[in-house]
Amino acid sequence: MSVPYYIHNAQVVNEGRRFTGSVVVAGGVIREVFEGNAPADFPMPEEIVRIDAKQKYLIPGVIDGHVHFREPGLTDKGDIATESRAAVAGGITSYLEMPNTKPQAVSLQLVEEKYALAEDKSLANYGFLLGATNDNLGEIEKADPARIPAVKLFLGASTGNMLVDNPETLEAIFERSPLLIVVHAEEESVI
């Protein structure tokens, strides 16, 4: 278990505000944020690392809503472990990964396999998008928005068989998807 931290005298940037404040982190989770120092009656753990952050900013982690970690299938370019490590080093604490891996994540089973990989390897919070195709509307309709953050719709053929160019399919996806729809808006005739 990680040692708790008390970070004080920081310029805290949070929810549209900046103030001199302090933060208590325990078990890897932010437990309290205070404007100024923690009150004298706040129950601090006995063993706590105190960090004076005077003249330093303390900001929330960033969410990257569009990453390509290339696992499975393209791990010569990167994988969940290495790419999440790089993300965390740069202040990214959460990411949403795109479905164009090998195999492409166009079924709920394949998305779940990516979640299983991330559970063992990711250093950051994660979510995986379900890819749309001209023939997987049934998968999209069964998707749980509490588990899958969005469906990715490619309007250009740069992604192999993930081009959705059937007008009836496009209309059905927009009409019946329980998920947020994220569009890679390319013009196929230009490509």
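The first residue in the sequence is number 1, and the count goes up from there.
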Counting distance only, does the side-chain N/O of E139 pair as donor-acceptor with the main-chain N or O of S107 below 3.5 Å?
no
Taking all non-hydrogen atoms of both residues, which atom of A118 and which atom of Y95 are closest, and how far apart?
CB-OH, 4.4 Å
Does the ring center of Y126 lie less than 6.0 Å from the ring center of F69?
no
Using a 3.5 Å distance criterion without hydrogens, assess whether the side chain of N125 forms a donor-acceptor pair with backbone atoms of T93.
yes
Using modelled atom types only, decide if a donor and an acceptor are shared between the side chain of R31 and the backbone of V24 within a distance under 3.5 Å.
no
Name the one of K121, K102, K77 that satisfies salt bridge (charged side-chain N to carboxylate O under 4.0 Å, His left out) with E71?
K121
Examine V33 and V25 and state if one hydrophobic cluster contains both, with Ile, Leu, Val, Met, Phe, Trp and Tyr joined whenever side-chain heavy atoms are less than 4.5 Å apart.
yes
Working note: K114 + T101, criterion side chain to side chain contact (heavy atoms under 4.5 Å, CB included); need CA distance, chi angles, decisive distance, verdict.
CA-CA 10 Å; K114 289 175 80 166; T101 50; 3.6 Å; yes
Quick check for you: to the nearest 0.5 Å, what is the distance between L58 atom CG and F19 atom CZ?
9.0 Å
Does atom CD1 of I30 have more than 12 heavy-atom neighbours from other groups under 6.0 Å away?
no
Would you compute the distance between atom NE2 of H68 and atom CE of M98 and round it to the nearest 0.5 angstrom?
6.0 Å
CD1 (I48) with more than 12 external heavy atoms under 6.0 Å
yes
Is it possible for you to say whether L170 and L179 belong to one hydrophobic cluster, with membership spreading through side-chain heavy-atom contacts below 4.5 Å?
yes
So which heavy atom on V111 is nearest to which on A105, and how close?
CG2-CB, 4.0 Å
Classify the angle between the aromatic ring planes of H184 and H66 as parallel (below 30°), tilted (30 to 60°) or perpendicular (above 60°).
tilted
Under a single-linkage definition using a 4.5 Å side-chain heavy-atom cutoff for Ile, Leu, Val, Met, Phe, Trp and Tyr, are L130 and L117 assigned to the same hydrophobic cluster?
yes
Would you check if there is a donor-acceptor pair between the side chains of E141 and S177 at a distance under 3.5 Å?
no
Would you give the length of the straight line joining atom CD1 of I148 to atom CG of L96, rounded to the nearest 0.5 angstrom?
12.0 Å
Is there a continuous path of hydrophobic side-chain contacts, each under 4.5 Å between heavy atoms, that joins V23 to V3?
yes
Do side-chain atoms of S22 reach the backbone of H8 as a donor and acceptor pair under 3.5 angstrom?
no
Taking atom CD1 of I63 as the centre, report whether more than 12 heavy atoms of other residues, nucleotides or ligands fall under 6.0 Å from it.
no
Shortest non-hydrogen contact from L110 to Q104?
CD1-O, 3.2 Å
Are Y5 and F42 connected in the hydrophobic side-chain network, where two residues link if heavy atoms are under 4.5 Å apart?
no
Ignoring hydrogens and angles, tell me if any N or O in the side chain of S122 forms a donor-acceptor pair with the backbone of E119 under 3.5 Å.
no
Any donor-acceptor pair under 3.5 Å from N166 side chain to N134 backbone
no
Here the pair of heavy atoms bringing E186 nearest to G156 is OE1-CA, 3.1 Å
Between E83 and V67, is any pair of side-chain heavy atoms under 4.5 Å apart?
no
Within a reach of under 6.0 Å around CZ of F34, are more than 12 heavy atoms found that belong to other residues, nucleotides or ligands?
yes
Under the criterion side-chain contact (heavy atoms from CB on, under 4.5 Å), which of N100, T133, L163 is the partner of F154?
N100
Heavy-atom closest pair, residues V13 and P60:
O-CD, 2.9 Å
Please answer whether the main-chain N or O of G131 pairs with a side-chain N or O of N136 as donor and acceptor at a distance below 3.5 Å.
yes
Closer than 3.5 angstrom, by distance alone: can the side chain of S84 be matched with the main-chain N or O of I80 as a donor-acceptor pair?
yes
Under a 4.5 Å cut-off applied to non-hydrogen side-chain atoms, are M162 and P99 in contact?
yes
Might you point out which heavy atoms bring P149 and Y115 nearest each other, and give the distance in Å?
CD-OH, 3.8 Å
So CG of L180 and CG of L129: to nearest 0.5 Å the spacing works out to 8.0 Å
D79 CG to R70 CZ distance, which is reported to the nearest 0.5 Å
12.5 Å
How many angstroms lie between atom CD of Q55 and atom CG of N9, to the nearest 0.5 angstrom?
10.5 Å
